[in-house]
Structures are given as C-alpha cells and as structure tokens.
Amino acid sequence: MADDGSPGSTGGSVVVPIESTPTLRATVTHLAESAAAGEFSAIHFVVFATWRDGDPETADREASVDRLLERVSTWAEADLADVDDVDVGDVEVVTTVVGGDEYLFGADDYVRELVAYADDNGIEHVVLDPEYTPVGNTTLLQSLEFALSRTDLVVREAPVARPTRRERLRKEATGIRFAAMFGLSLAFYLALGDPLYPFDVVTGVASAAVVAITLSRVSFDADPSPTRTPMRLLRGAVYVPALLLEILKSNLVVARVILDPRLPIEPSLNRVRVIVGSGLPVTTLANSITLTPGTLTVRARDGNLYVHSLIPWARDGLFDGSLERWTRFVFYGREAARLPTPRERDDVGIFQGPDATEEYPGARADGGSEREGAPVADGSAADADGSAADTDATGDDSDGADTTAGGDGEVTTE
Amino acid sequence: MIDALGPVRLALIVVFGLCGLFFTFVSMTGVLRLPDVYSRAHTASQADTLGAGFTLAAVALAAGWDGAGFKTVLLLFFIFVTNPTAAHAIARAAFEEGIVPWTEGDERR
C-alpha cells in the first residue's frame, strides 16, 4: 500500500472532511502536531458541497465555505509554525471543495466522494473531527464511521476534547430554531384546543417545550430567516392552488386511462436531474411529483430523481418541469424560476419502454457495492480495527432503516 | 340539520361527496387492474388526494367554519403531506428490492 503515497513523502497524506464545528480548531492542532511528528506529509482539508453548481444561492454558500477553508488553512500554518523542530515547508496543506456536481444524500454518498478524492490524490488516511456531522442531522443518518469502515481508507478520530452533551444540547436548543419550533407547536396545539381555556394554554406550553427541545435539532437544518421564511410561505400559498389544479388535471387523465377497457398504460422508469437545492426544496419537489397522479418519485440519488410514470403524457409533463419551476419559485422567487426546462437542459433519461434512452440502473449501484471488488486493506492500524468492529456491531441491526433514512426524510418541518 | 344548510351549500356538499366517491372508485379499480407495485402506488395515492380531498371538503362544508371545519382542513393538509411520503416509501422499498417496473409485454404481478 505504501507505494501510492504522495510523491517524495515519508508519512503519506491525510484527508480531513470538515465543517464549522466547536472542535474544528482542536482537530487542526492535532493534525499539525501529527504532521510535525512525521506521521503525515500533506494534509487535505475538504468540504463537501451541500449544493450543486448552478443552484440558486450557490455564490453565497461558496463564499462561506471559502471563508471556512481559508480560516482552517491559516490555523494549520500557524500551528505548524509553532512546532519548533519542523520545517514548515515539509508539510503541505491543501484545502478544497468536493461534490459540487451532485447532491449528496447520505453517508454512503459522502464516503464515495471521499474515496474518489483520496484515490485521485493517493491518500490512505482519514482523520475525522469528532463533531463532524455531514448534513447536520446525524440522528437520521447511517454513521459516517460505519460507511467508512467498509473502505480501504485508514480512519481515526482526532483525540480532542469534545464539549459535553449538555452544553451541546443547550447551545443547539436555544435560539431561533427552538423559538420557531416552540411557536409552531404551540400555535398548532392551541388551534386544536381553546386558546382562552387556561388548562389548554398550560398543557400547550408544556407540550410545545417538549417538542421544541427534542425536535428543533432534527427539523431544521438551517436557521429560519425572518425575511425569507415569510416570503416562502407567501409564495407557497400561491403554489398550493396551482398544485391542486395540476393534481385535478392529472387525476382526470389517469382516471380515464384506468377506466378504459383496453387499459392503455405505458409505464417506464425515468431519470430527471433537478436544480432546486438540497433538503427541503428537493423534498417538496419529490412530494409534489408523487402527489400528481401518473408520476411517482421512486428514488433520489446523485442529484437525480428517479420517477416512475404511468403514461407518456405524465412523463412529458415531468420533463417540461413545471413543478420544478414552481418549487424554485416558492423557495427562491421569481428570478430563479426562469431556468430552462429539464428537457432543454438535457437533464432527462428514460430507462424503459420503446423510447428508452439509458440503461436501467441497478438497485444497489451506490456506495458499498462498487468497492466490493477492491482488495481488502491489509495495513489498517490496530486502533482503527477496534473502532471499526464497534461500529459494525451497532450498524448491523439498523442497516435497513438507515439506507432509507438517508434520502429524502431529513427535513420534516413546513 | 339539512334544512339549515341552504340549497347552494347542500348542492356543493353532494357534488363534492360524489366526486370523492368517484375518485375513490377509480382508485380501487386501478389497484385491481394495474399490473405491478409501482403503477398500483400511483393510483393508490389518487384515493388519498382527490378521493379523500373531495370527501373532506364536503365534510368541511357540512361542519361549517367552526372548530370541526377547521380541523378537517388541517386533516386535509396532513394527508397531502403524508400521502406522497408513504407512496414514495413503498416505491423506494420496491426499487431497493430490485423489482423492475412492469413494461408492455411482461406478465402481471
């Protein structure tokens, strides 16, 4: 394995996926010290793009990621300079963004990107920031450690002090997310009960507090903004009648097909690459597609929605992208709505039937299986072995649930 | 109770109720006639969207704009959120199991 280390190195390279966490600073220090001790000759800090190039708001997110990478790079150089007995020039610090060409939906997607990056750069080691949680809501995701344990990479977690659980909960639970969750729950409770009846108010406050404490971390992956959220709700209110009309129209068409004695259906599985932004927007779009009879979202993978269509009419409607356009309108306003349709962008594919344009995708073409043919790593360090066994044991019984949770169920709040 | 509703409202209630019945019937027919799990999932969601949609609209009209009518509208909202999620879960499970959608010429499953 040593022969594919980076050129001229003794210690090999390490890749560190990062995001802004409380322990990031300490992790950088740990890496600088390890590198100074001769363990690594190059440190690659990578950020996974949570957007796809061309999404609305790409520029904003890129700017904030660039700031993060710049900060990390500065820290690493400062830490390396602090260590007396090493020449700073010996250790290379690389910062980069990966994954900008597709949406990443679960731990498997992240690991695939990470492995691809490591292969391209001859990297064998991964160091994880203990607080690193891609997508922000780890409770719903298969653990990154488990997915990584099935690859050739040597993984370890940076041994840095973590903030205690209590601090973390308090930190996450205060602020605007908590307030929004609390307000929403209380409003819903009182809408069902009687706002003037003191018993309902007291129990409502208690219930809303429980809901907000337990779910505000899970339900939001970004702070609701006081200017943008009301605009989105307003535009959403415009969208609902349009969606209902669309549903009514397709229902009538599909009803005619079903009641026709010849049953003239022509089902096919199709692919459409959508540009709406990950998280809530893509969930909204996938659900809208499913709500419209004749089209059914089967899978969201690699930035594509796999959509089953019952009749060619429904498929054409899908490729014309009116729902995609509406979703962009709801989340980003009028400007973003004006993009070419999926058909014009050539972001579509048909897997089945007489018009098929692409080969039918296997059910398990993602994540683990593509690594199966690769030789098993022989040089995994003893400590990595131990932790891999641990995650294996816990990962096994929840595997089935995890693979489904990775996709679209992450954002639940309206 | 019916006397108090007024003729227009009563007519609307009847029309909505019949529409709901019609789409539920279509949906049931579809589940029986269509050939595989994916196409059945399409039509099963029809019963929820317009079948339940029209029926609940009729209920909301009958109940009026007090507590019950409002709750019916909320119910409708939640059906519209949960229905596609459930349909997606079924379709996705089928896809993960490697079930290839039916195409022209296949056998019914």
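Residue numbering restarts at 1 for every chain, and letters A, B, ... go by the order of the sequence lines.
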Are B/Asn83 and A/Thr290 side-chain neighbours, meaning at least one heavy-atom pair lies under 4.5 Å? no
Can you tell if the side chain of A/Ile265 reaches within under 4.5 Å of the side chain of B/Pro35, non-hydrogen atoms only? yes
Rounded at 0.5 Å granularity, tell me how far [atom1] in [X] sits from [atom2] in [Y].
{"X": "A/Ile258", "Y": "B/Phe23", "atom1": "CD1", "atom2": "CZ", "result": "10.5 Å"}
{"X": "B/Ser27", "Y": "A/Asn251", "atom1": "OG", "atom2": "CG", "result": "9.0 Å"}
{"X": "B/His88", "Y": "A/Asn287", "atom1": "NE2", "atom2": "CG", "result": "8.0 Å"}
{"X": "A/Leu252", "Y": "B/Leu50", "atom1": "CG", "atom2": "CG", "result": "7.5 Å"}
{"X": "A/Leu296", "Y": "B/Tyr38", "atom1": "CG", "atom2": "OH", "result": "9.0 Å"}

Report the relative orientation of the aromatic rings in B/His42 and A/His308; use parallel for angles under 30°, tilted for 30 to 60°, perpendicular for over 60°. tilted
Measuring heavy-atom distances to chain B, does [X] have an atom under 4.5 Å in its side chain, in its backbone, in both, or in neither?
{"X": "A/Ala191", "result": "both"}
{"X": "A/Phe188", "result": "side chain"}
{"X": "A/Ser309", "result": "backbone"}

Mark yes when over 12 heavy atoms from residues, nucleotides or ligands other than A/Phe199 sit less than 6.0 Å from its CZ; otherwise mark no. no
Using a cut-off of under 4.5 Å on heavy-atom pairs, state which of A/Ile289, A/Thr295, A/Thr284 scores highest against chain B. A/Thr295
Could you tell me whether the side chain of B/Arg33 and the main chain of A/Pro261 form a donor-acceptor pair under 3.5 Å? yes
Minimum heavy-atom separation for B/Ser39 and A/Leu310, please, with both atom names. CB-CD1, 3.3 Å
For chain B, find its close neighbours in residues 236-250 of chain A: heavy-atom separation under 4.5 Å, sorted by number, or none. A/Leu244, A/Ile247, A/Leu248
So what's closer than 4.5 Å to chain A heavy atoms on B/Phe80: side chain, backbone, both or neither? both
Examine whether an atom of B/Ile90 lies under 4.5 Å from a heavy atom of chain A, and if so say whether it belongs to the side chain, the backbone or both; otherwise answer neither. neither
